[in-house]
S.K.: 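What follows is a single structure, and I will ask about it in a moment.
As the structure lists them, so they are numbered: ligands from 1, and atoms in each ligand from 1.
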Amino acid sequence: MSSILTFKDVSKVYDSAEGGSRSALHDASFSVGARRKVAIVGRSGSGKSTLLHLAAGIDVATSGVVEVMGNNLSDLGEEERTLLRRDEMGLIFQFFYLMPHLTVRDNVALPALIAKQHYGDYGPRLKSLLDRVGLPDRINDTVQKLSGGEMQRVAICRALLRRPKLLLADEPTGNLDDENGSMVMQLMLDLVEEEGTTLLYVTHSSSFAELADEVWEIHSGELSTPSCNDNG
Ligand SMILES: Nc1ncnc2c1ncn2[C@@H]1O[C@H](COP(=O)(O)OP(=O)(O)O)[C@@H](O)[C@H]1O
Ligand SMILES: [Mg+2]
């Protein structure tokens, strides 16, 4: 099976404010095959967001190789990384990062508008995603009128609109109550299953982590992945 995301001895060192350096990720190596669902767990500050940012090409590794669908991110310039992210990846964050004054439709459409697609190309897909997450009648509402759970369902639609190969979700339920968190988590997992999307998600909840195909732990920048037979 071809790999969607590969890390080879990837480290990230940040300069600290005091003039020293801080190792946020140390020699991480793994490969994620198509359609896998991976949960990442670890304490606050252990390097989870750093790992996702490196995978998304939002941040660059200090050493090692990050490959997304065969593209070595360090061979790409910032603009090429942005295009790869736009065309092949979807991102979901704890605090949604929606545009509160825009409608649900316009928020979900944003990645298509940035890619200069016409409504005829993405409109049916947009509507079917909103149906799928139970928000078809909110399409004309501004996002600021929605609850947190509804906002995250909109963010899931936005992330999946252009059928990304890889979905990265950083504590997608971290700002939701248990009931909404469960609903959002289940929707996200069901949708990636239906669409064949590869998923990496960070969660604090062990019950949400158990829904993945595999669970990785990270402690102070040291990633431990289970030895896994069926991922290659
Ligand atoms: N831009 C940055 N500059 C300096 N240090 C950072 C930066 N981003 C993260 N760190 C540090 O790297 C470590 C890992 O952070 P992060 O990946 O955000 O952890 P997590 O998402 O697991 O809470 C922490 O010690 C954090 O303070
Ligand atoms: Mg984080």
S.K.: What protein heavy atom lies closest to atom 23 (O) of ligand 1? Include the residue and the distance to one decimal.
M.R.: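 Its nearest protein heavy-atom neighbour is Gly45 N, 2.6 Å.
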
S.K.: Going by the atom numbers of ligand 1, which of them fall below 4.0 Å from some non-hydrogen atom of Thr50?
M.R.: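 Within the 4.0 Å cut-off of Thr50, ligand 1 contributes 14 (C), 15 (O), 16 (P), 17 (O).
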
S.K.: Over 60° means perpendicular and under 30° means parallel, so classify the ring planes of Trp216 and Phe30, tilted if in between.
M.R.: tilted

S.K.: Identify the protein heavy atom lying closest to atom 11 (C) of ligand 1, giving its residue, its atom name and the separation to 0.1 Å.
M.R.: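 Closest protein heavy atom to atom 11 (C) of ligand 1: Arg22 CD, 3.7 Å.
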
S.K.: Tell me which protein heavy atom sits closest to atom 6 (C) of ligand 1, plus the residue, atom name and distance to 0.1 Å.
M.R.: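 The closest one turns out to be Tyr14 CD1, 3.3 Å.
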
S.K.: With a 4.5 Å limit on heavy-atom distance, are the side chains of Tyr201 and Ile92 in contact?
M.R.: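 No, side chains not in contact.
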
S.K.: Report, as a single number, the protein N, O or S atoms less than 2.8 Å from the Mg ion (ligand 2).
M.R.: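 Total protein N/O/S atoms under 2.8 Å from the Mg ion (ligand 2): 1.
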
S.K.: Does the side chain of Leu54 come within less than 4.5 Å of Phe7's, by heavy atoms?
M.R.: yes

S.K.: Give the intermediate values and the outcome of salt bridge (Lys or Arg N to Asp or Glu O under 4.0 Å) for residues Glu150 and Lys145.
M.R.: CA-CA 9 Å; Glu150 290 166 343; Lys145 292 185 185 161; over 6 Å; no

S.K.: May I ask you to check if ligand 1 and Ala24 share an N or O to N or O distance below 3.5 Å?
M.R.: no

S.K.: Out of curiosity, is Arg43 lining ligand 1, as in a heavy atom under 4.0 Å away?
M.R.: yes

S.K.: Counting C-beta onward and ignoring hydrogens, is there a side-chain heavy-atom pair between Leu191 and Leu129 closer than 4.5 Å?
M.R.: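 Leu191 vs Leu129: side chains touch.
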
S.K.: Treating Ile, Leu, Val, Met, Phe, Trp and Tyr as nodes and any side-chain heavy-atom pair under 4.5 angstrom as an edge, say whether Val65 and Ile4 lie in one connected cluster.
M.R.: no

S.K.: Determine whether Leu166 and Val32 make a side-chain contact, defined as any pair of heavy atoms from C-beta on separated by less than 4.5 Å.
M.R.: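 No, their side chains stay 4.5 Å or more apart.
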
S.K.: Identify, by atom number and element, the atoms of ligand 1 in contact range of Ser46, meaning under 4.0 Å from any of its heavy atoms.
M.R.: 19 (O), 20 (P), 22 (O)

S.K.: Where is the nearest protein heavy atom to atom 18 (O) of ligand 1: which residue, which atom, and how far?
M.R.: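 Among all protein heavy atoms, the one nearest atom 18 (O) of ligand 1 is Ser49 CB, 3.7 Å.
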
S.K.: Provide the number and element of each atom of ligand 1 under 4.0 Å from a heavy atom of Ser44.
M.R.: 23 (O)

S.K.: So which of Asp170, Leu211, Val215, Val41 actually passes side-chain contact (heavy atoms from CB on, under 4.5 Å) with Thr203?
M.R.: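 Checked Asp170, Leu211, Val215, Val41 against Thr203; only one passes side-chain contact (heavy atoms from CB on, under 4.5 Å): Val41.
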
S.K.: Please list the nearest protein heavy atom to atom 22 (O) of ligand 1 with its residue and the distance rounded to 0.1 Å.
M.R.: Lys48 NZ, 2.8 Å

S.K.: Considering residues at least two apart in sequence or located in another chain, which fulfil the side-chain hydrogen bond (donor to acceptor under 3.5 Å, both in side chains) criterion with Asn175?
M.R.: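 Asn175 satisfies side-chain hydrogen bond (donor to acceptor under 3.5 Å, both in side chains) with no residue once adjacent residues are dropped.
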
S.K.: Does the pair Ser205 and Ser207 meet the rule for a side-chain hydrogen bond (donor to acceptor under 3.5 Å, both in side chains), with working shown?
M.R.: CA-CA 5 Å; Ser205 155; Ser207 57; 3.1 Å; yes

S.K.: Is any side-chain heavy atom of Tyr97 less than 4.5 Å from a side-chain heavy atom of Leu91?
M.R.: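 Sidechains of Leu91 and Tyr97: no contact.
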
S.K.: For atom 19 (O) of ligand 1, what is the nearest protein heavy atom, given as residue, atom name and distance?
M.R.: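 The answer is Gly47 N, 3.2 Å.
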
S.K.: Going by heavy atoms in the side chains, are Asp87 and Arg162 under 4.5 Å from each other?
M.R.: yes

S.K.: Are any of the N or O atoms of Asp15 closer than 3.5 Å to those of ligand 1?
M.R.: no

